[in-house]
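Structure first, commentary second.
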Amino acid sequence: MAEDTFEEDRISVADRLAAEALIVDVDGFEGPLDLLLTLSRTQKVDLRKISVLQLAHQYLAFVEKAKQLRLELAADYLVMAAWLAFLKSRLLLPPDPTEEGPSGEELAAHLAFQLERLQAMRDAAARLMARDQLGRDFFARGQSEMVTRVRKVTYSATLLDLMQGYARIRTRDEFRPFVMDRDAVFTMEQALDRMRGLIGFAGDWTDILSYLPEGWEMDPAKRRSATAATFAASLELVKEGHLEIRQSETFAPIQLRKRDEHRDRST
Amino acid sequence: MAEQERMVEAILFATAEPVTTRELEARMPHGCDAAEALVYLRKRYEGRGVQVMKVGDAWAIRTAADLGFLMQKETVETRKLSRAAIETLAIIAYHQPVTRAEIEEIRGVSVSRGTVDQLLELEWIRFGRRKMTPGRPVTFVVTQSFLDHFGLENARDLPGLKELRAAGLLENRPPPGTLPGPETEAEDESGEGQSELFED
Amino acid sequence: MAEQERMVEAILFATAEPVTTRELEARMPHGCDAAEALVYLRKRYEGRGVQVMKVGDAWAIRTAADLGFLMQKETVETRKLSRAAIETLAIIAYHQPVTRAEIEEIRGVSVSRGTVDQLLELEWIRFGRRKMTPGRPVTFVVTQSFLDHFGLENARDLPGLKELRAAGLLENRPPPGTLPGPETEAEDESGEGQSELFED
């Protein structure tokens, strides 16, 4: 931890103020990498020579400050903070030979590479946009249809038309109005048929869930439908006098057994 | 004067309508002599593939009269493809080789002869191999000119449904609880593994 | 050859879109050599008010960039691109063919669907070949319209491309600790595709 304090001291007051000034503008950043890139500028060195350790400090200070100001940071900023804290500890502690994975230096070098690459792409984008552009600096032929001798009709369509057309057809099913999707629905009739065949074996109290049809237990939608239908069918069978049903307390398992004429008479 | 000639050349080239001398001078820096520049420019284009011509009291660059035969392509009229044709084309592109019956099954309506004829005429589709099913129906596939027109290297490069959704081309709604029909399976296959990259 | 040069001149003047050598020859009488005629024509227009420009494998006549000030009337108001869109465009241009995941890796944020949509709509990017990596994700590449818009002959002429490549900044370096395997393959694959794309 001694090194830690030492590192803190290395960040100048001015830099810290600059970093804090960024807080106000947190919405202006396009993600943690963008923020890191901005912070790295306060180091005023070539991106290749940047101190990743110092940068990690700056970033963590930023997140700390944001917390104090009760600013909500998006999750990816916090993920980056956690990762940088991990990186910091790897960089500060002597390497543990038993530890697996890349060294702190390797991780730091990769972060530096990412920052340099992002900066390079920004510069490239700026250079691209600074080029002479068609319709702004240089121009195409204004009068392209010159001769009208042969009139031939051609049909055009763009790739977007094509993809939207396809999407339209393939998703029609998703918004067709009021058609029940029978595949995920187990009807009471089906449940009754099934139960009638099974109750012959229900000599003793059994959980109603064991009567669910095979293949309907896993998918939540199917399971719900099958449970409801089986329950309704069981009530129907109780009404018809074929079944007995009980539940020991609220939310306890519902149990079924076959109604036994002998048992009825004896009790 | 060479500079003024360049200016007149650029303006006549880029303007949709013929331009009068007065308008030329209004657009050029103060003190230019468009009339004189036009004399030089006109001379420069003598015998070339295009000519500086007077149209009423204005000026324009036009194709040399003897080369008019080259211009037939410029006279085409472009019309949007009908929705039926686009949908049929899309189904062929995504499902090729596909029979007419299969197209009708996917679209849910019958495919008019005119639609298929039109796509054949555009050379965006052609007949593929016959299917080895009863009746041996002909199939349709897309052509190289289809790929050229839509800037694709391969019909397989067309994005799958999931990707279309990620690109905002579909309403982003939860997928339906069930996957009806074998078509959906095929679609799933193409999108497989991409969900990771494209889901938001 | 003088006659062929005139024909190429007439065809290029008559159209706003770039025309490929193949298309030129298809329109010219049989046996013409458009490529050779273009060499002469290009030379002829050097330093003039309009220029013969190469756009990918096509050709177009465009006004000289230094005369843009004359054209206020022709200037089309283009939608202002967001910073995200500009960066995404640059990444696609310099790293093509590139997947959405790779773009996100470079920018450190997810690519919003509107961004890609806007670039597709401008026809500055299109779908490239799918990557041969798990999930076979679609890739993006820049189009001929992109080259035309920015006055580039070729994607290789992008400003600073060589320096960026020499500095290793166009590499798709996997983060340390990533298991060798699919990722590494992916990287190899992308390296291959890129060089292929920047070749004519």
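Letters A, B, ... are given to chains in the order of the sequence lines, protein chains preceding strands, and every chain is numbered from 1. Side chains included, hydrogens not; waters and symmetry mates left out as well; all remaining heavy atoms used.
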Residue [X] versus chain B: region with a heavy atom under 4.5 Å:
| X | value |
| --- | --- |
| R62(C) | backbone |
| E3(C) | side chain |
| L41(C) | side chain |

Query raised in the report: Going from CG on L67(C) to CD on E9(B), what distance comes out if it is rounded to the nearest 0.5 angstrom?
Result: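 CD of E9(B) is found 9.0 Å from CG of L67(C).
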Query raised in the report: If you round to the nearest 0.5 Å, how far is CG of L24(B) from CG of L70(C)?
Result: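 One finds 9.5 Å between CG of L70(C) and CG of L24(B).
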With a 4.5 angstrom heavy-atom cut-off, is it the side chain or the backbone of [X] that approaches chain C, or both, or neither?
| X | value |
| --- | --- |
| E23(B) | side chain |
| L158(B) | backbone |
| R44(B) | side chain |

Report task. Grab the two heavy atoms, one from A10(B) and one from G49(C), that are nearest each other, plus how far apart they are. Result ->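 That closest heavy-atom pairing would be CB-O, 3.7 Å.
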How about [X]: does its [atom1] atom have over 12 heavy atoms from other parts shown lying under 6.0 Å from it?
| X | atom1 | result |
| --- | --- | --- |
| E153(C) | CD | yes |
| Y40(C) | OH | no |
| R156(B) | CZ | no |
| E123(B) | CD | no |

Just so I understand: if I count every heavy-atom pair under 4.5 Å between each of [options] and chain B, which residue has the most?
| options | result |
| --- | --- |
| A64(C), S110(C), G47(C) | G47(C) |
| V8(C), L12(C), D66(C) | D66(C) |
| I61(C), T139(C), V111(C) | I61(C) |

Report task. Begin from the C-alpha positions of R27(C) and F69(B) and carry the test side-chain contact (heavy atoms from CB on, under 4.5 Å) through to its verdict. Result -> CA-CA 9 Å; R27(C) 289 173 64 180; F69(B) 71 96; over 6 Å; no
**Report entry** Basic-acidic side-chain contact under 4.0 Å: R48(C), E5(B)
**Finding:**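 A salt bridge is absent here (no side-chain N lies under 4.0 Å from a carboxylate O).
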Requested in this report: Carefully, step by step, assess M71(C) and I11(B) under the rule side-chain contact (heavy atoms from CB on, under 4.5 Å).
Outcome: CA-CA 7 Å; M71(C) 307 293 165; I11(B) 295 173; 4.2 Å; yes
Query raised in the report: Are the side chain of R129(C) and the backbone N or O of D157(B) linked by a donor-acceptor pair below 3.5 Å?
Result: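 Not at all, since once roles are kept as given, no pair shorter than 3.5 Å links the two residues.
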Query raised in the report: Do the rings of F13(C) and F13(B) sit parallel, tilted or perpendicular, given the 30° and 60° boundaries?
Result: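 Geometry flag for F13(B) against F13(C): perpendicular rings.
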